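Per chain, numbering begins at 1; letters A, B, ... match sequence-line order. In this text the structure is predicted, and so the values were computed from the model without any measurement.
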There are 2 protein chains.
Amino acid sequence: MVVDQLHETELDRLFQAFADSTRRDIVRRVTVGEFSVSGLAALYAMSFAAVQKHVAVLERASLVTKEKRGREQIVRANHEGLQNARRLLDEYEHMWCQRVDRMADILAEG
Amino acid sequence: MVVDQLHETELDRLFQAFADSTRRDIVRRVTVGEFSVSGLAALYAMSFAAVQKHVAVLERASLVTKEKRGREQIVRANHEGLQNARRLLDEYEHMWCQRVDRMADILAEG
DNA sequence: CTAACCTACAACCAAATGGTTGTAGATCAG
DNA sequence: CTGATCTACAACCATTTGGTTGTAGGTTAG
């Protein structure tokens, strides 16, 4: 099996993490530059604590890292985690394409 | 913006739909063949109604279709929806790679 | 030192999720 | 026709989620 049991929890966290537009936006932002948590919080119409939670979700999914710098906490893209995410999504897509193409062939033959 | 506002809801539903291992498994199964809802339900250690709900989530995310055949409801892969999902995931991956690579370059230069 | 700022964390709340059971309507087999 | 099967749907429940406010501690600026 391409997608084995070991990856299941990883996929759960990954898809879960991306299943929120604020979190997707945070990922987008931090892949382009650095942001403190409060810097991120300023961007959205919600409380600091809410953004803090979103960052925590992304951190648990290994998509971002936090690093203390003075009184601020700097949020950065976790490149390793993002590459891994990319790999997992690639595997998933590849699986579909194989199967979907195979079905298409079967339908064409029939 | 590559990922515009129109896609946000779509992405929400897509990632949400994939954020459950049972649903991912259902997608995997129906891309390889046909299953009635009860046929699917027999595969998992949960009630028929639970599986019915999972199928409903996948249907709302345009990943599968249901078609009545006699007293059964046949669940099939929604090829169009899956291709669209693939496209969206590709866009997302591409965005990361661009940004992550750009950051890598900046770091290498610095 | 003091005040402002950034963060962590707890407590709380409403709504969504993932599951259950139960009921009722179609459809098929005998 | 009758009984078994497949489905739809409602009601309910526990947990998670996405949000809030409030409190407290560390850090920086003046």
Side-chain angles (χ1 to χ4, degrees), chain A residues 5 8-30 33-78, chain B residues 5 8-30 33-78:
Chain A
Q5 276 300 105
E8 287 299 301
T9 302
E10 222 172 334
L11 284 169
D12 281 350
R13 284 201 213 131
L14 181 62
F15 285 120
Q16 184 75 27
F18 281 125
D20 181 283
S21 63
T22 301
R23 285 197 293 265
R24 289 195 299 271
D25 196 65
I26 290 176
V27 170
R28 199 168 54 76
R29 303 255 188 190
V30 300
E34 283 185 359
F35 285 85
S36 67
V37 178
S38 60
L40 286 171
L43 300 170
Y44 309 104
M46 66 184 75
S47 69
F48 172 84
V51 174
Q52 217 177 8
K53 285 189 185 181
H54 282 307
V55 171
V57 171
L58 292 172
E59 199 180 12
R60 265 185 273 115
S62 301
L63 296 175
V64 306
T65 60
K66 279 194 305 186
E67 191 186 345
K68 201 170 175 179
R69 195 172 64 188
R71 68 182 158 183
E72 292 183 330
Q73 197 83 250
I74 303 300
V75 182
R76 291 201 192 84
N78 182 344
Chain B
Q5 276 301 105
E8 287 299 302
T9 302
E10 223 172 335
L11 284 170
D12 281 351
R13 283 200 214 134
L14 181 61
F15 285 119
Q16 183 76 27
F18 281 125
D20 181 284
S21 63
T22 300
R23 285 195 293 264
R24 289 194 298 271
D25 196 65
I26 290 175
V27 170
R28 198 167 54 75
R29 304 255 188 191
V30 301
E34 284 184 359
F35 285 85
S36 66
V37 178
S38 60
L40 286 171
L43 300 170
Y44 309 104
M46 67 184 74
S47 69
F48 172 84
V51 174
Q52 216 176 8
K53 284 189 186 181
H54 282 307
V55 171
V57 170
L58 292 171
E59 199 179 13
R60 264 185 274 115
S62 301
L63 296 175
V64 306
T65 59
K66 279 194 305 184
E67 189 187 344
K68 201 170 175 180
R69 193 171 64 188
R71 66 182 158 183
E72 292 182 330
Q73 197 82 252
I74 303 300
V75 181
R76 293 202 191 83
N78 182 343

Between [atom2] on [N] and [atom1] on [X], what's the gap in Å once rounded to a whole number?
X      : N       : atom1 : atom2 : result
R71(B) : dG3(D)  : CZ    : P     : 16 Å
L40(B) : dA8(D)  : CG    : P     : 12 Å
R24(A) : dG18(D) : CZ    : C1'   : 14 Å
D12(B) : dT17(D) : CG    : P     : 15 Å
R69(A) : dC5(C)  : CZ    : C1'   : 15 Å
I74(B) : dC6(D)  : CD1   : C1'   : 11 Å
K66(A) : dC9(C)  : NZ    : C1'   : 11 Å

For this session: List the steps, then state whether side-chain contact (heavy atoms from CB on, under 4.5 Å) holds for F15(B) with R24(A).
Result: CA-CA 11 Å; F15(B) 285 119; R24(A) 289 195 299 271; 3.9 Å; yes

Considering only nitrogen or oxygen atoms on both sides, find all protein atoms under 3.5 Å from nucleotides 18-25 of chain C and state each distance.
{"from": "dG18(C)", "atom 1": "OP1", "to": "R23(B)", "atom 2": "NH2", "distance (Å)": "3.3"}
{"from": "dG18(C)", "atom 1": "OP2", "to": "R23(B)", "atom 2": "NH1", "distance (Å)": "3.1"}
{"from": "dG19(C)", "atom 1": "OP2", "to": "H54(B)", "atom 2": "NE2", "distance (Å)": "2.2"}
{"from": "dG19(C)", "atom 1": "N7", "to": "K53(B)", "atom 2": "NZ", "distance (Å)": "3.2"}
{"from": "dG19(C)", "atom 1": "O6", "to": "K53(B)", "atom 2": "NZ", "distance (Å)": "2.2"}
{"from": "dT20(C)", "atom 1": "OP1", "to": "S47(B)", "atom 2": "N", "distance (Å)": "3.4"}
{"from": "dT20(C)", "atom 1": "OP2", "to": "S47(B)", "atom 2": "N", "distance (Å)": "2.8"}
{"from": "dT20(C)", "atom 1": "OP2", "to": "S47(B)", "atom 2": "OG", "distance (Å)": "2.6"}

Problem set entry | Inter-residue atom distance M46(A).CE - T22(A).OG1, 0.5 Å rounding |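 Going from CE on M46(A) over to OG1 on T22(A), the span is 3.5 Å.
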
Exercise. Hey, which of these two, Q52(B) or E72(A), hits DNA chain D nearer its 5' end, going by closest nucleotide?
Worked result: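 Looking at DNA chain D, the more 5' nearest nucleotide goes with Q52(B).
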
Mind listing the side-chain donor-acceptor pairs of residues 62-69 of chain B below 3.5 Å, one per line with the distance, residues two or more places apart or on another chain?
{"from": "E67(B)", "atom 1": "OE1", "to": "R76(B)", "atom 2": "NH1", "distance (Å)": "2.5"}
{"from": "R69(B)", "atom 1": "NH1", "to": "E34(B)", "atom 2": "OE1", "distance (Å)": "3.3"}

Problem set entry | Stepwise side-chain contact (heavy atoms from CB on, under 4.5 Å) test for L14(A) and F18(B) | CA-CA 9 Å; L14(A) 181 62; F18(B) 281 125; over 6 Å; no

Exercise. Are any of K68(B)'s side-chain N or O atoms less than 4.0 Å away from OP1 or OP2 of dT27(C)?
Worked result: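 So the side chain of K68(B) is within the cut-off, an N or O lying under 4.0 Å from OP1 or OP2 of dT27(C).
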
Problem set entry | Among Q73(A), E72(A), R29(A), the one residue meeting side-chain contact (heavy atoms from CB on, under 4.5 Å) with F35(A) |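 For F35(A), the side-chain contact (heavy atoms from CB on, under 4.5 Å) test succeeds with only one of Q73(A), E72(A), R29(A), which is R29(A).
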
Exercise. Taking the side chain of Q73(B) as heavy atoms from C-beta outward, which of dT7(D), dT7(C), dG26(D) is closest to it?
Worked result: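 The closest nucleotide is dT7(D).
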
For this session: Side-chain contact test, heavy atoms from C-beta onward, threshold under 4.5 Å: evaluate it for F48(A) versus V37(A) and give yes or no.
Result: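 Result yes, sub-4.5 Å side-chain heavy-atom pair found.
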
